[in-house]
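Protein chains get the first letters and strands the later ones, always in sequence-line order, with residue 1 at the start of each. Computed from a predicted model, the values in this text were never measured in an experiment.
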4 protein chains.
Amino acid sequence: MKRQSRNLRKKIIKAAQGVFAEKGFFKTAMSDIAGESGIAKGTVYLYFKDKSDLYVSSLDDHFGNAVQILTEVEQENISAKEKLQKITSLLLSYMNRFKTFPLFGFDNLNDADKVTKGLKSMMRTRLKQMIQLIAKIIDDGIKNGEFSSVDPEKTSVYFLNTIRAVLFAKFFIPGMTVDKSVGLELFFNGLKKRR
Amino acid sequence: MKRQSRNLRKKIIKAAQGVFAEKGFFKTAMSDIAGESGIAKGTVYLYFKDKSDLYVSSLDDHFGNAVQILTEVEQENISAKEKLQKITSLLLSYMNRFKTFPLFGFDNLNDADKVTKGLKSMMRTRLKQMIQLIAKIIDDGIKNGEFSSVDPEKTSVYFLNTIRAVLFAKFFIPGMTVDKSVGLELFFNGLKKRR
Amino acid sequence: MKRQSRNLRKKIIKAAQGVFAEKGFFKTAMSDIAGESGIAKGTVYLYFKDKSDLYVSSLDDHFGNAVQILTEVEQENISAKEKLQKITSLLLSYMNRFKTFPLFGFDNLNDADKVTKGLKSMMRTRLKQMIQLIAKIIDDGIKNGEFSSVDPEKTSVYFLNTIRAVLFAKFFIPGMTVDKSVGLELFFNGLKKRR
Amino acid sequence: MKRQSRNLRKKIIKAAQGVFAEKGFFKTAMSDIAGESGIAKGTVYLYFKDKSDLYVSSLDDHFGNAVQILTEVEQENISAKEKLQKITSLLLSYMNRFKTFPLFGFDNLNDADKVTKGLKSMMRTRLKQMIQLIAKIIDDGIKNGEFSSVDPEKTSVYFLNTIRAVLFAKFFIPGMTVDKSVGLELFFNGLKKRR
DNA sequence: CATGAATGAGGCTTCATTCAT
DNA sequence: TATGAATGAAGCCTCATTCAT
């Protein structure tokens with residue numbers, strides 16, 4: 001009954017994440033997702049209002065997992081720097097497994113249609129959660145002398161982008177292996193020569 | 001007549017950049033672009049093979065402009081750091097004016113359809129150009145003692161992502177003003193406390 | 001339990017009349033009716049074969065009420081003309097309360113599908129009943145010298161249309177108040193000048 | 001070019017009138033009409049915004065023809081009564097040929113959806129035209145002593161309904177032949193006995 | 001008797017692309 | 001070269017109906 005519904009909803013989301021990952025929002029047909037879920041087309045609409053809703057929901061699920069990862073790491077008993085390193089590893093690994101998960105970045109963020117509206121709203125919420133968790137880690141690092149006194153929240157945004165840069169390089173710059181250590185090294189030490 | 005062709009081609013690209021910026025690839029109709037160009041739908045196909053071709057071409061034009069900016073700055077007679085600062089300003093300003101120009105980042109980079117294929121190929125070429133120009137600046141900086149001895153190319157990638165992070169924050173994190181100086185500060189000095 | 005069945009059937013019909021009135025046959029969803037009845041969708045199918053059956057049944061109920069009205073008035077101890085006037089008032093009032101009840105008149109009477117077939121058959125039966133009752137009144141009027149010697153049945157048809165004309169005018173001709181007295185006046189006296 | 005367009009539009013309307021007549025609005029598929037017109041589905045949308053638009057347009061065409069008939073008869077040099085008789089004949093004959101043309105009367109006039117809205121608006125306009133033409137005839141009849149001094153417009157409404165009653169009877173009351181003379185007789189002379 | 005989750009056929013509409021002019 | 005009318009494939013979504021519980 002209710003239990004079963006939950007399961008099916010989850011099942012659809014999983015299928016959707018896979019298909020959206022492969023084809024993107026527009027080229028994905030609802031029938032693809034239904035087929036992948038092993039259910040009828042109409043059934044999807046019992047769980048999601050429309051394609052946009054399903055898309056946003058499937059991304060929200062990814063972000064939920066990311067937040068979960070951050071939450072857990074944040075509570076571990078290691079140094080701030082180690083936490084950031086661990087987060088980098090875990091998020092990269094997650095994104096590698098689930099290619100859809102766009103840490104951020106979409107074709108078109110200017111239009112005001114249904115998808116974008118839901119997406120923006122969802123992402124703002126989720127990113128706020130992520131940024132707050134990272135900011136807390138950075139703040140702790142500042143307090144215990146690991147980090148210089150930067151703005152924790154703004155720095156969190158850059159930290160997330162550092163992670164993204166790794167994927168980006170992998171995808172667009174063949175031959176260049178920008179593994180995470182390069183990005184983190186730069187993130188921690190900066191470009192300027194230290195004396 | 002060659003002259004005329006060129007002009008019309010340029011005109012279509014300009015129109016396409018505007019419409020794609022507003023609506024994204026999928027929601028943009030060829031007729032929108034034709035209308036915006038003041039020509040007939042069929043005429044667009046005399047200059048571009050198909051919608052994907054036009055899309056990639058319109059982005060390529062943007063990247064061409066970006067490369068042009070980098071080329072000019074690279075040749076200026078200022079410090080490496082100042083060059084990077086100037087590039088940041090100019091690219092951000094360009095992206096602000098032309099919202100479509102996605103320094104990088106699209107909905108879906110995993111699919112193998114027409115658009116992505118052309119896009120990937122074009123972007124790899126263009127990004128290589130950009131990265132080489134930036135790498136040269138960084139290399140100069142290293143040589144003259146401004147920067148520590150990082151990998152110039154990989155650092156370039158990270159540099160471009162830093163620029164992107166500014167736009168990203170602006171869009172997704174309302175209330176947070178992540179102006180470019182924060183990013184650059186971090187990029188140059190790193191997170192770790194310097195003694 | 002037979003009692004209970006009856007009640008639920010009646011309840012569904014009442015709900016159906018309301019929803020069909022508001023949305024028409026095609027735009028009404030079975031779930032709307034189920035919801036309005038406070039029961040589950042599947043349950044409706046225990047009482048009615050399909051949507052068409054329910055539609056025809058819900059109209060048949062209306063016609064049953066109309067026949068009831070005619071039957072009662074016919075037996076009253078007033079003049080034939082007064083009976084017709086009273087019937088006009090009562091039917092108009094009934095139709096006003098139950099907007100669905102289409103004294104007659106549907107979008108499409110030519111098709112041979114399920115709905116129309118059942119509808120036609122039901123309406124023929126019901127209209128025959130109504131016409132016979134009115135014809136009896138008219139016949140009495142002829143016999144007692146109130147009316148000229150028309151064909152009672154055919155005249156009954158025109159009488160019903162007279163009633164309908166009132167509703168029709170109200171709906172389609174804004175600003176024009178064709179109250180029942182106008183139609184009846186014409187029906188009784190005709191257009192030609194009497195000397 | 002423009003000429004051809006006009007023709008195709010007309011062709012589609014003719015096809016639409018036929019199919020709508022046979023199946024009604026909801027059961028008619030746009031593909032039916034396209035097929036009947038001998039063109040592709042998409043082409044219909046070059047001439048009509050959507051199905052509702054086509055429906056209303058196809059009925060408007062019928063009403064235009066009816067208005068044309070009235071206009072011509074009104075100008076003839078015969079008595080008012082003869083004009084009304086002629087109109088009755090011509091409209092009945094037209095409606096017989098084109099079964100769709102619903103002098104008036106649709107399933108559901110209460111809902112506020114697209115079809116009904118356009119339909120209502122169109123019909124109000126067209127009926128006003130028809131009523132004014134008939135009212136002029138009746139007014140002339142009153143002035144020249146043929147008719148008693150009724151309200152010309154309201155009587156026009158009633159007149160149109162009389163015509164409709166003929167079709168109605170034919171359809172719903174098998175075995176009863178209510179030819180037009182019965183209706184007109186009643187319309188002119190009324191039910192009450194004349195002395 | 002009652003439920004309501006699941007089904008899947010079916011219809012409207014969009015739009016990239018072609019081609020006769 | 002330029003046009004734009006015509007095409008028709010493709011996809012989202014609705015909803016009557018069924019059936020296992």
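In this structure, the NZ atom of Lys51(B) is 15 Å from the P atom of dT18(E), given to the nearest Å. Residue Tyr45(C) contributes atom OH, which lies 15 Å from atom P of dT3(E) at whole-angstrom precision. Put simply, CD1 on Ile33(C) is 16 Å from C1' on dT14(F), counting in whole angstrom units. One can place CZ of Phe48(A) at 15 Å from P of dT14(F), the figure rounded to the nearest angstrom. The NZ atom of Lys49(A) sits 14 Å away from the C1' atom of dT14(F) (whole-angstrom rounding). Rounded to a whole Å, the CZ atom of Phe26(C) is 14 Å from the C1' atom of dG10(E). Put simply, NZ on Lys27(A) is 9 Å from P on dG11(F), counting in whole angstrom units. Between the P atom of dG11(E) and the NZ atom of Lys23(D) lies a distance of 8 Å, rounded to the nearest Å.
The salt bridge (Lys or Arg N to Asp or Glu O under 4.0 Å) analysis of residues 31-42 of chain C, with sequence neighbours excluded, yields the pairs Lys23(C)-Asp32(C).
Listed nucleotides: dG4(E), dC12(F), dA16(E). Nearest to the side chain of Met30(B): dA16(E). Distances were taken from every side-chain heavy atom of Tyr47(C) (C-beta onward) to each of dA2(F), dC1(E), dG8(E); the shortest belongs to dC1(E). Distance from the side chain of Ala29(A) is smallest for dC12(F) among the nucleotides dA2(F), dC12(F), dT17(F). The side chain of Leu46(C) approaches dA2(E) more closely than any other nucleotide in the set dA2(E), dC13(F), dT7(E).
Within 3.5 Å, a donor on the side chain of Lys41(A) pairs with an acceptor on the base of dG10(E), or the reverse.
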Practice task
Test side-chain contact (heavy atoms from CB on, under 4.5 Å) on Phe20(D) and Leu54(D) and set out the steps.
Solution key: CA-CA 10 Å; Phe20(D) 281 135; Leu54(D) 175 52; 4.2 Å; yes
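Annotation: side-chain contact (heavy atoms from CB on, under 4.5 Å) contacts of Lys10(B) (sequence neighbours excluded): Lys14(B), Asp61(B).
Residue Ile33(C) holds its CD1 atom at 7.5 Å from OG of Ser58(C), rounded to the nearest 0.5 Å.
Backbone-only engagement by Thr28(C) is indicated by non-hydrogen atom pairs under 4.0 Å involving sugar-phosphate atoms exclusively.
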Handout entry: Dot-bracket summary - DNA chain F, pairs being Watson-Crick or G-U whose distances fall under 3.5 Å, with | when paired to another strand
Key = .||||||||||||||||||||
